[in-house]
Each structure stands twice: as C-alpha cells, then as structure tokens.
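So the structure is just underneath, and the comments pick up after that.
Along the sequence shown, the residues carry numbers beginning at 1. Remember, it's a predicted structure, so these values are computed and weren't measured experimentally. In listed order, ligands and their atoms are each counted from 1.
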Amino acid sequence: MKKKTAYTIKNLLELAAEYFDKAEIESPRRNAEYVLSSVLGLNRMDLFLKYDLVVNDPERVQFRCLAGRIQKGEPWQYVIGHTSFMGLEIDVAPGVLIPRPETEELVGHVLDIVKKNERQNINVLDMCTGSGNMIIAFAHFFLNRAESSPSQTTKNLPGLQMFAVDQSLKALEIAKKNAAKFPFKDSIQFFQGDLFSCLEENNLAGKMDIIMSNPPYVPSEVLKNLSVRVKNYEPREALDGGADGLDYYKRIIPEAHRFLRSRAFLALELGEHMMEPIQAIFHQGGVYDNIEFIKDDAGRIRFAFAQKR
Ligand SMILES: C[S@@+](CC[C@H](N)C(=O)[O-])C[C@H]1O[C@@H](n2cnc3c(N)ncnc32)[C@H](O)[C@@H]1O
C-alpha cells in the first residue's frame, strides 16, 4: 500500500509560497503564513516554533481552498476575514476597504491633538468610517492611556462621545461588528448617509471637537492602473475620488466647518501630491487657520490638519 504523505507546517508554507510566487502574488511567503496561521488558529510566530507539526487532513483541505483564493488575487485580509490596525484585530470583508498602515499614523496624530484638549466631554467624528478601524483604535488608545500614564487615572479621563458615518451599509455592518468587541461600543453612534447629511438631521452642528476622515481620494483614471488585488476586490466607492481625486475634499472641508466647535480640528488623510489643491480648498472658504501638512513615515505629505477659526 502506498504510504500517505504527511504535510508539516514547513512543507505547506513552502508549497504555498511557490504556488503564489508563480501566480505573481506579492509577498508570497507572507501570504502563506497569514493563511496557514488563520487555519490552524496560531499566530505567525507559533508557525515557526511548530515547523515540524503535521497538519491534519481537514485543515490541509481548508488551507488549499483559501490558498486558491489568494492565487486568484484576492487580498489575504479578505480571505482570512480580518487584519491588524494599530495592533487591534479588525474584521474586514469584500465591500469594505482594508485599512492601510499610513492611516494608523493619522490616528496617532489625532490622539496627540485630543490629549491636549482640556474639555470635560469630547466629541469625535470619523467621517467615511469603513470598517470602523479609525474610531475604534482612537477610542481604544485614548481610553487606555490611564494605564500607560501614571499621572492619569480612569476617573479623570474626559467623557468621550463618538460618531461614525458611512454611506455603505455593508461597511457599517462590519464597523458595528468590530465595535461590538470593545467595552466602549455604546459610546459610538453609527450613521448611514451621504457625508454630513445625517449629522444635520441629528442636531450635531457645532458639537465636534475633532473630525477625522480618510475619504476616497484615488483619481478615477488612476484606479484602472491599480493592482488586481485593489481594483478587482476592494470597493470602488471607497477609493474613487472623482476625476482629480479631490471630490470629497471639496465637500468635506467646507461642510465639516459647520459641525466643529469653535477652535476644533479637522484631520484628513490625503493622496500623494495633493497638498497644493487641498491647501487651496482650505484657503477658499477662509474659515480655518493653523493649516498644517504632515509627512508620513515614508516622507510623503499625507495628512492635513486645520483649526476652525
Ligand atoms: C478610503 S475608505 C476609508 C475607510 C476607513 N476609514 C479606513 O481608513 O480604512 C472611504 C470610505 O468612505 C465611504 N464613502 C464613500 N462615499 C461616501 C459618502 N458620500 N458619504 C459617506 N461615506 C462615504 C466608503 O464607503 C468607504 O468606506
């Protein structure tokens, strides 16, 4: 009788990485590790510690099935159903944008601004929330700072009310599911609608201490040239910023002003090379000052901050 091959973690990773490499998948080995660790319920480090562990048949079949999806170009985050944002596990699925690492930097800057705020009650709005990654990470790190800062206690942390808007029902469904995993879930109100329309209906004009947003900003023509992984799988409505990529800034910058308190902040992520037109949009209305552009870790100008006059 023919002896059955026993596949170890090491064998499967090597086979899958080779399979992905032939299909020209970026970071083939990393993709294999993410998928196998998800199937086995291990973290990536454990894979290396258990290299010679034999993977059982049902797990191997499941791995092969998920690997087939990666081979066709589907992002590993959709295949395993989650990603990491600022170290937090965030669920994602087709229909919602996969959070990007540079957006973690935007949330870091927003945390710095809000920590300097001396108000007793702070209202924060995440416009275009997607998976809810930004508002969830913001709340998590804002509320947990008492633990990392000996001078703070949970008692003297200010009250936090959060609002998150998206037009996509699918995105909101995932954002709510993500928020439900955290103790502050009831402090976030989710609204479905076109930008600020739903806030107007809920009497939130003039109430926000900070509005943060990572809106769609890819110029429509550029979308066609993005990788298969992005253009065939991620939602167009999360990416397409119109002909020049600026459609959302032309609306968000003037409209946000009405929902900010006096001297409150607007914080935006932007595409590369968008600083000049966005600066012009800020200046057009003449209702903001302290307009500042900040570079990301790779040295590209990717964030804009402005204060309501
Ligand atoms: C670039 S994604 C950002 C998602 C998430 N905040 C992040 O940083 O990963 C933009 C989001 O804007 C939403 N969106 C597009 N048009 C919108 C509109 N008119 N009103 C509200 N949300 C909109 C999309 O559904 C998508 O979730």
Side-chain angles (χ1 to χ4, degrees), residues 75 77-78 82-111 124-141 162-179 188-202 204 208 210-220 222-223 226 229-231 233-243 245-256 259 266-272 274 278 296 302-304:
Q77 294 93 334
Y78 287 158
H82 58 86
T83 189
S84 168
F85 187 79
M86 298 178 84
L88 305 176
E89 188 175 293
I90 297 290
D91 285 358
V92 289
V96 72
L97 190 92
I98 298 166
R100 304 296 202 262
E102 53 271 29
T103 309
E104 297 179 341
E105 295 180 49
L106 175 66
V107 176
H109 291 302
V110 169
L111 280 163
V124 180
L125 168 64
D126 176 14
M127 176 52 72
C128 299
T129 194
S131 61
N133 53 310
M134 289 170 62
I135 196 75
I136 289 167
F138 169 81
H140 176 82
F141 289 102
M162 293 165 285
F163 306 87
V165 176
D166 207 286
Q167 198 165 32
S168 154
L169 277 173
K170 177 73 187 173
L172 282 174
E173 182 196 313
I174 292 173
K176 286 179 192 167
K177 201 170 135 208
N178 277 321
I188 311 179
Q189 282 184 56
F190 290 94
F191 296 110
Q192 194 244 335
D194 178 20
L195 299 185
F196 294 93
S197 55
C198 39
L199 300 181
E200 190 72 62
E201 289 154 19
N202 284 277
L204 289 168
M208 299 302 152
I210 192 149
I211 299 178
M212 58 182 173
S213 184
N214 173 23
Y217 57 69
V218 182
S220 309
V222 175
L223 262 182
L226 296 181
R229 197 175 177 275
V230 177
K231 74 177 174 206
Y233 289 94
E234 295 201 82
R236 191 183 174 99
E237 63 273 20
L239 297 163
D240 193 345
L246 296 167
D247 281 7
Y248 285 84
Y249 302 98
K250 289 174 192 160
R251 290 184 58 198
I252 290 175
I253 294 172
E255 289 180 34
F259 295 89
L266 175 60
L268 300 170
E269 181 170 320
L270 42 121
E272 247 182 290
M274 285 185 163
I278 290 180
D296 66 9
R302 297 299 306 278
F303 314 112

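Under a 4.0 Å criterion applied to the non-hydrogen atoms of Ser168, ligand 1 contributes the atoms 25 (O). Residue contact check: Pro99 has heavy atoms under 4.0 Å from atoms 9 (O) of ligand 1. Every atom of ligand 1 with a heavy atom of Glu237 under 4.0 Å away is listed here by number and element: 15 (C), 24 (C). Every atom of ligand 1 with a heavy atom of Asn214 under 4.0 Å away is listed here by number and element: 1 (C), 2 (S), 3 (C), 7 (C), 8 (O), 10 (C). Here is the list of ligand 1 atoms found below 4.0 Å of a heavy atom in Leu97: 1 (C), 2 (S), 9 (O). Ligand 1 places these atoms under 4.0 Å from at least one heavy atom of Pro215: 1 (C). Short contacts between ligand 1 and Thr103, defined as distances under 4.0 Å to a heavy atom of the residue, involve ligand atoms 8 (O). When each atom of ligand 1 is checked for a heavy atom of Gly130 under 4.0 Å away, the hits are 4 (C), 27 (O).
The shortest heavy-atom contact between Pro99 and Ser131 is CG-OG, 3.7 Å. Smallest separation of non-hydrogen atoms from Phe141 and Met86: CZ-O, 3.3 Å. What you find for Ile211 and Ala256 is that their closest heavy atoms are CD1-O, 3.7 Å. Considering all non-hydrogen atoms of both residues, Asp240 and Tyr248 come closest at O-CE1, 3.6 Å. Minimum heavy-atom separation, Tyr249 to Gly271: OH-N, 4.1 Å. Among all heavy-atom pairs drawn from Asp166 and Gly130, the shortest one is OD2-N, 2.9 Å.
Protein heavy atom at the shortest distance from atom 20 (N) of ligand 1 is Leu195 N, 2.9 Å. In terms of protein heavy-atom proximity, atom 2 (S) of ligand 1 is closest to Ala238 O, 3.5 Å. Closest to atom 16 (N) of ligand 1, if we only count protein heavy atoms, is Tyr248 OH, 2.8 Å. Atom 17 (C) of ligand 1 has its closest protein heavy atom at Gln167 OE1, 3.5 Å. For atom 12 (O) of ligand 1, the nearest protein heavy atom (residue, atom name, distance) is Cys128 CB, 3.1 Å.
For atom 5 (C) of ligand 1, the nearest non-hydrogen atom from the set Thr129, Val165, Asp247 belongs to Thr129.
Side-chain atoms of Glu234 do not come within 3.5 Å of backbone N or O of Leu97 as any donor-acceptor pair. Not one N or O on the side chain of Asn214 forms a donor-acceptor pair closer than 3.5 Å with the backbone of Glu269. For Gln192 (side chain) and Gln167 (main-chain N/O), a donor-acceptor pair under 3.5 Å exists by modelled atom type. Remark: side-chain polar atoms of Glu89 are not paired, donor with acceptor, to backbone N or O of His82 under 3.5 angstrom. Under a 3.5 Å cut-off, the side chain of Thr129 and the backbone N or O of Val165 do not form any donor-acceptor pair.
For Phe85, the closest heavy-atom approach to ligand 1 does not fall below 4.0 Å. Residue contacts with ligand 1 include Gly193, since one of its heavy atoms falls under 4.0 Å from the ligand.
Backbone and side-chain nitrogen or oxygen atoms of Asp194 are examined, and one is located within less than 3.5 angstrom of a nitrogen or oxygen of ligand 1. At under 3.5 Å, not a single nitrogen or oxygen of Met127, backbone or side chain, sits near a nitrogen or oxygen of ligand 1. Ligand 1 has no nitrogen or oxygen under 3.5 angstrom from a nitrogen or oxygen of Ser131.
Proximity of Met134 to ligand 1, defined as any heavy-atom pair under 4.0 Å, is confined to the side chain (atoms from C-beta onward). In Tyr217, neither the side chain nor the backbone holds a heavy atom less than 4.0 Å from any atom of ligand 1. With a heavy-atom cut-off of 4.0 Å, Asn133 touches ligand 1 through its side chain alone. Residue contacts with ligand 1, taken as heavy atom pairs separated by less than 4.0 Å, involve Asp166 via backbone and side-chain atoms alike.
Using a cutoff of 4.0 Å between basic side-chain nitrogens and carboxylate oxygens, Asp194 and Arg251 are scored as salt-bridged. Salt-bridge annotation for Glu272 and Arg302: absent, with no side-chain N of the basic residue lying under 4.0 Å from a carboxylate O of the acidic one.
Remark: aromatic rings of Phe196 and Phe259 are close, center separation under 6.0 Å.
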